[in-house]
Structures are given as C-alpha cells and as structure tokens.
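Just so it is clear: chains get the letters A, B, ... in the order the sequence lines come, proteins before strands, and each one is counted from 1.
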Amino acid sequence: MSSTLKGITLKGSAELVAEFFSFGINSILYQRGIYPPETFTRVTQYDLSLQLTTDPKLKNYLSNVVSQLKEWLFDCTVQKLVVVITCLETNEVLERWQFDIECDKTAKESSAPREMSMKAIQQEIRSVIRQITATVTFLPLLETACAFDLLIYTDKDLEVPEKWEESGPQMIDQSEEVRLRSFTTSIHKVSSMVAYKRMDSM
Amino acid sequence: MDDLEDDTTVFSTLKSFKNFITRPDRSLSEAGPAYGRSDLQKLYTQRLEMEEAAERIHSHTNLLQLTQEKQQMELSHKRARIELEKAAHLSSRDLQREVDRNQDLLTRIRRLEDREADAGQALSEQVENNKALKHSIEELHKKVDEKDSKLTEANQTISALRDELRGLNQQLQTQESKLSTQTLENQALQEQSELQRRKYQELSQRYQSLQTSQFSSTESELKIKELERRLALQEQDSVIVKNMKTEVARLPDLEREVKRLREENAYLRETKENSSLLKEETEGLRKKLKRMEKVKEDMVNLELEKEKLELKLKAWEDIGQTTGLNIRKPEDLSREVIQIQQREINLKQQNYTLTTSLRTLEKARAELQTEVVQQRSKALEEQKKRENQDALVKRLQKRVLLLTKERDGMRAILESYDRELASTEYSPQLTRRVREAEEMLQKVQAHNTEMEAQLSKAQEEAGTFKLQAQRAELELDVLKKQQASVVESNPIATTEEINSLRQKIEELESERQRLEEQNNILEMRLERHNLQGDYDPVKTKVIHFRLNPTSVAKQQRAEEVEQLREECQRLRDRLRTLQAEGTMATDDASFSIPPSQEVLDLRKQMESAELKNQRLKEVFQKKIQEFRTACYVLTGYQIDITMENQYRLTSVYAERMEDCLLFKANGPVGSGSMQLLETDFSRTLTEMVDLHLFHQKSIPAFLSAVTLDLFSRQTII
C-alpha cells in the first residue's frame, strides 16, 4: 500500500525492471528448454508460479548481468536487452527475444516520484510473462543443443566495464517477428518482441 | 367322418345303379324288338344274365368305388401320414428344443447349484465370519465389561480417594483444632511455667532454706528446660502453622487476583491491539491530514490562481466585449485566433504578392527613370542643337542682310554705271552679272529657307522630345501613385498569380503526400529492422558479458573437439606404432584411454552381475539354512562340515552338546562310502556300531538306532 501512495522513483523503477528481466529470462530459458527442466524450481511472483533456475553457474551469470543492468537502468543508458538463442552445432542464431527499453531521461534530473500504481505495473508485467509462456505454442521446436546469450544495447558513450565486451547484434537470417505486450513504470517503458528463424517447412 | 363317407358311397352307388338301370332300359327297349320274339326262358336267362351282369356291374362299380375309396383312403392316409410326419417332425423339433432347453436348464441348474454351493460356502464363511465377529463382539463386550469394571473400580478408587481426601481434610481440620488446643495448652504451659518459676523461686528460696529440696529443684529445672524447648518448638510450629494459614487464606485471594490479572492482561492485550490499530489509524489519519493540508494549500493556491484566471478571463471577456468579438469561451478565442491567423496568412500572402508586384513595378520604374534620364539628355542635346541652329540662323540672316546690302550696293553701282554709261556695251555684261547675282541671291534665299525649315524641324523635334519627357514623367507619376497605392491598401492580387500559386501549392501537396508515403514505408522498414535487432552504430553499441553461456558452451565444445582430435591423433600414432612393431607389446603407461562407453557399459554390467551374485548368495544362504533346519527337524541330526570330507552329526536328543558322531567320506562324496570316526560319544555305542555298521553295514539304520536310543533315554527321564 505504501508503495502505491509514494509512487515510483527512478531507483525503484530500475529495480522493478531488472527484477522483471530476471524472471523473464528464467521463464524463456525454461520454456524453450535451453536448460533441463529439473534444474528449475517453482516460485511465486507477480501472483504467478514461475520457474527459477537452480544451476549455480547460470544463477551467478544472471545475477551478474542483472545487477549491471540495474545500474544502467538507473543511468538510463540502456536501450535494449536481447536474449539470443544460438544453435551450438551450426552457430546459427535461432531466436532473439528483444526487450526495447525506453528511458525517460528527465527522471534523472527530477528525483520526485511519479504517480504510478504498483498493482498496475505488476498486472502489466504479469501479462507480458504470460505471453512469453504462450509463445511456445507457435515458436518452432528447438531440436538441437542450444545456448543463450544476453546482449545489451547501450548508448555509444558508455564505458564498457570489465568482464564485458562489445558484440555484434547477432541477427537472424530470414526471420519472422512477433510483437508482444509491453509495460511501463512511467520511467522505463519495456516493449517485448520475439524474432525466430523461419523454417523452410513452414 | 367315416359314416358320412359311407353315406356318400351309398349315395353314389345308388346313383350309379339308377344310371345303370336307366341305361339297360334303353338298351332293353332297343333290344326289345330284337329279342322280342325269343322265349321267356331266354328272357329269364337274359334277365338273369342281366341281373348277373348288373350285379357284376354293381360289384364292379362297388369295386371301383372301393378302389376309389381305397385311393381316397390312401390319399387321406398319405395326407394323414404326411401330416403326422409333419407333426412328428414338429414334435421332434419341439422335443429337440425341449431337450436343448432342458440341457440349458440343466446347465443353469448346475450353475445355480454351483452358485448355491458357492453361496453356501460364502454363507458358511459368512456364518464363520459372523461367528468370529460374534466372538470378537463378545470379546469386545468382555473387554467393555472389563473396562466397565475397571471404570467402576476407578470410580470406586476415585470415591475412595475422595473419601481419603475428605479424611485428610478432616485430619487437617483436626490438626488445626489440635494446633489450637496445643496453643491453648501452650498458654496453659506458659502459665504453668510461670507458676513453675514462681515455684522455682519458692524452691530456690526453699533451696536456700532447704538444701534437700535442691535435687528436686534441679530436676524441676531440667523439666522446665525441656518444657521450654518444647515450648519453643511449639512456638515455631505455631508460627509455621500461622504462616501456612495465612498463606492458605491468601490462596483464593491470590487466585482471584491471578484471574483478575489475567483478565486485565487480556483486556490490556486487546487494548494494546486496539491501541496499535488506533496508532496505525492515527498514523494513517495524520498522513491523510498532511495530504489534506497539502490539498488545502493546493486548493488555496488553486483558488488564488482561479481568481487570477477569472480576472484574466474577465479582462479577456472585456476585451472581447470591447472588441465586439463574440468571445465567450476559449474555443471562441481559439476560433477567433485561428480566423485571425488565417486572415493574417491571407494578408501575408497578399503582402507577398504585393511586394512581388511592387518589386516588379520598382524595376519598371527604375527602367523608366533611366529612360527619362536618357530622354532628358537627348532633349538637352536637341536644345543645344537648336541653339546652334538659332545661332546659325542669326549668322545666316546677318549674312543675308550683308548680302542684300552688298547686292543693293552692287545694284546701286550698276545703276550708277548704267546711268553713266546708258545703254553702253557693258550693260549686257552687267545685266548678266546682275542676273548671276540675283541667281546667287535666290540660291542663298533658298538655302536660307532650307535652313529655316531645318530649324523649324529641329524645333519641332525638340517639342516632341519635350512631350515625350513630359509623358514619361506622367507615367512615372502614375507608377509612383500605383506603388503608393499598392503599399497603402490591399491591392487585389492578380488572378494569374493566384492561379499559378495554387498550382504550385497543389504540386507541393502531392509531393508532400508522396514524401509522407515514402516516409511511412521507410519507418516501417526501420521498424522491421529494429525488430530484427538492427541498430544505429552511431548512437548505440551492443555489449555482452564476456563469460556468457553461449561462449562458454562454444569454448567447451571447442575443447571437446580438441580433446577428441588429440585422442584421435594419439590413437592413430598408436596404430602406426603397432603396425610398425607388429605384435610387439606396447608401452601401456604412455597410453591411457579415458573410459569409453563400452567400458562403462561393461562396468555397469559387472556391477549388476555382482549384485545378482550377492542376491543369489543371499538366497542360497537362506535356502541352505532352510534345508538344514528341515534336515534337522526331519532326521533329527544336525549335519555340519567341519573339515574337507568330514561330517559331524549332532542328534536332537543328544544329552550333551559335545555328543556327536564324525563321519569321513572315502574318495568322492558320490561314491557313498562313509566311515565312522571315533569320538567320545561313539565309544559309548559300540554295540550299535557292531550291529548296524559291521553287520548290517547301514549308516541310516545306525543313526536311527542311535536316535531311538537317545529318544528313549530322554523320555524315560
């Protein structure tokens, strides 16, 4: 209740969005079978039961990325986050889950909290995650061993931190794109979409 | 039926007979005349013959009838037989059916019997069950009874305990009363002690007086001391009792107090909760209040603003009223503003057109001014020319005058000469000269006129130039006026200009639309590219974590490939060396293959086999144990293998643990030859050994005898 009364600050928004990414990425990894389902555990978040990985390496990696992402969200320097799923045999990009992030940079100057209901944001996040789950029905089956990577599109003037490096956009040759829902915290607007390689048989 | 048939036959015979009768009549009547002449005998014989014939016929007919009848009978018989057969068939079928049904019924009956038997069995079982249940119920009843009895016992014990309690209470009371009596006694004793003291004083006095009473006094003193001790004890007891009493008295109070405190506690807890709730509420209310205050401030500010705005609005409305425009609402204002803007735009457009026309006019004016200047210079030139010509005319007039004077002089001279030389020879000459002079004059005059004409012409030209200049000036004025008018008022733009401008606007509009479409297409493409993950490298850069799962997986894969390659290389080397060395033993130390799938499989197999073995061992152990116990129970001997080919037998009925028989197998066990080894026990059985082993050569008999012997011994005991 108190959070709804106070509204939302830039910091809170960054935390919220980073949390969403953490759960969203876990959901994608579980739904797309990148990691075996027995390495996931069930938790309840946003009034949904979600799968969270228990693989220590993956957990470590995700926490690293998400904490860094949180900083960038706070600085409003991040433009996109992309989950790239690559086939290990052919090194071909099969799927791209793209989350466009629009930062309201005016929030950096004025620290006053915005009027926004936490409930409404969670509602929106819930529907985005639900849609991610539902996309499994039309996405082509990943038949080969696959791995994933997280790309972050940032402003050009950003200094690349240690342990990070520049990368290519990892685009898909001949892709189909589907736009998914979006949500906004009034400071960060996150619109999601998925692009996947068009199969010849389809 | 038969009767009726008989009747019909009779009837038919009769008919046939009648027929027959009628026919011979006719034949008779015909034959009559033929045989009329013959005698009576003849007639009689004839008649007899006739009758015989008739009879024969009759019999014949009868026969026929009978045959017919027979046929009919046969037919009917056949029919009947057929019917019978049919009936028989039907009945047989029925019978068959009946038999079938019977069998069915039999089978059913059997089944039912079976079922009945089953049911009977079930019933019996049920009955048994019932019995068992009854038993159990009875048992339960018994148990219940027992429980009841226990309960009653318990109740009794409870009552007894209660009684005891009551007794104890009574004892307590009695004790209390005793205590009171003791206190009373105590007091009495105190009094007594005082008395004793007095007595003691008396006794001391007496002691002083009477030394003999000293002994008794010491005794009494001792007694007194004892009593004092007792008194002290009693006092202590009484104090303890008092304390107990007070405590006992305080107990209900304390209980009450505890209850009260508990209630108070509960109440306080409630109040605490309430108070926390109230605190929360107050907190909430305070927050609300703050918010409300803020809202209030905001409201005040807003009201102030509103007033200001109202004032402004009023001012605007006043302006609107004063300007006469119908401004009541902001929409009106905006509409007005839009109208004004439109008007302004129109005006601006007009202005633009006007400025353009002004510029053109200015240009024209400048051209005209230059023209005017040219014209002026021309006019000046013309004037100069004219002046020159005027001057020339004057000079020429002067010369004309001079020439006329000269001519007049010449004429005077000539006249004078004429006079002097009147009609002399010179006169023609002179006249000629005069004529010449006159001609010259005329020429000069002609020239003069010519010049004059030229002058006039020049003057005319100058006039025309002047006129031209004037006209140009007029034009200039007009233009200036036009310009002024253009600047001053809204000149109506020329329709041509408007048309051209409209065309231009339309063109621009179409171009704009085209560009918009293009823009849309490009935006769509951009969107698509954006969706595909494209980005602007000027503004954006893509980064990722160096140790991401993909690169890690790729690296692992590469390492794996490298490893496999190495292994492959190693294997190839090995192969080569093997080929080179033939079947020579190779150095195994340098070669270590990581456990392949096959090896792993084999290991698994081995493990499973071991497990199997283990299980089998267990089972064998169990079976052996079972077998041994069975042997022990059945034969009465426990057989142990102490050494190779040596068996120890211990009887069930052995008197001591050490009593055992030892057998040794000669050669393989299968040969069946056994030897009894001497033991302490076997030494006692020499008789049996002699009898059964040496004589009968039967170990089982010997063993049985031993068993019987031991058994008999045991049972005797």
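- When the shell of 6.0 Å around CD of Q569(B) is examined, it contains more than 12 heavy atoms from other residues, nucleotides or ligands.
- Across all their heavy atoms, A147(A) and A553(B) have their closest contact at CB-CB, 4.0 Å.
- The number of heavy atoms from other shown groups lying within 6.0 Å of NZ (K312(B)) does not exceed 12.
- Interface remark: E166(A) contributes backbone and side-chain atoms alike to the contact with chain B (heavy atom separation under 4.5 Å).
- Of the two parts of T86(A), only the side chain, counted from C-beta on, holds a non-hydrogen atom closer than 4.5 Å to a non-hydrogen atom of chain B.
- Counting only heavy atoms from C-beta outward, the side chains of L88(A) and R557(B) approach each other to under 4.5 Å.
- Looking at F545(B) and L151(A), their side chains never come closer than 4.5 Å, going by heavy atoms from C-beta outward.
- A donor-acceptor pair under 3.5 Å is formed between the side chain of T550(B) and the backbone N or O of F148(A).
- In the displayed structure, K11(A) atom NZ is contacted under 6.0 Å by at most 12 heavy atoms of other residues, nucleotides or ligands.
- Residue contact with chain B, scored on non-hydrogen atoms closer than 4.5 Å, involves the side chain of E177(A) exclusively.
- Qualifying salt bridge (charged side-chain N to carboxylate O under 4.0 Å, His left out) partners for R286(B), counting only residues two or more places apart in sequence or in other chains: none.
- Counting heavy-atom pairs under 4.5 Å between each of Q68(A), E89(A), Q170(A) and chain B puts E89(A) at the top.
- Within 6.0 Å of CD in Q621(B) there are 12 or fewer heavy atoms belonging to other residues, nucleotides or ligands.
- Distance check: I543(B) CD1 to E159(A) CD gives 11.0 Å after rounding to the nearest 0.5 Å.
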(Q) Using the rule given for side chain to side chain contact (heavy atoms under 4.5 Å, CB included), can you reason through N91(A) versus K554(B), listing the C-alpha separation, both sets of side-chain angles and the distance that settles it, and then say yes or no? (A) CA-CA 9 Å; N91(A) 277 343; K554(B) 275 181 188 167; 3.0 Å; yes
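- M171(A) touches chain B through backbone and side chain together, each having a heavy atom under 4.5 Å away.
- Residue contact with chain B, scored on non-hydrogen atoms closer than 4.5 Å, is absent for E176(A).
- For the pair R179(A)/E527(B), a side-chain contact is recorded, criterion being any heavy-atom separation below 4.5 Å from C-beta on.
- Counting non-hydrogen atoms of other residues, nucleotides and ligands closer than 6.0 Å to CZ of R126(A) gives a total above 12.
- Contact check for H544(B) versus V82(A): no side-chain heavy atoms found under the 4.5 Å cut-off.
- If you measure heavy-atom distances from I152(A) to chain B, the contacts under 4.5 Å come from both the backbone and the side chain.
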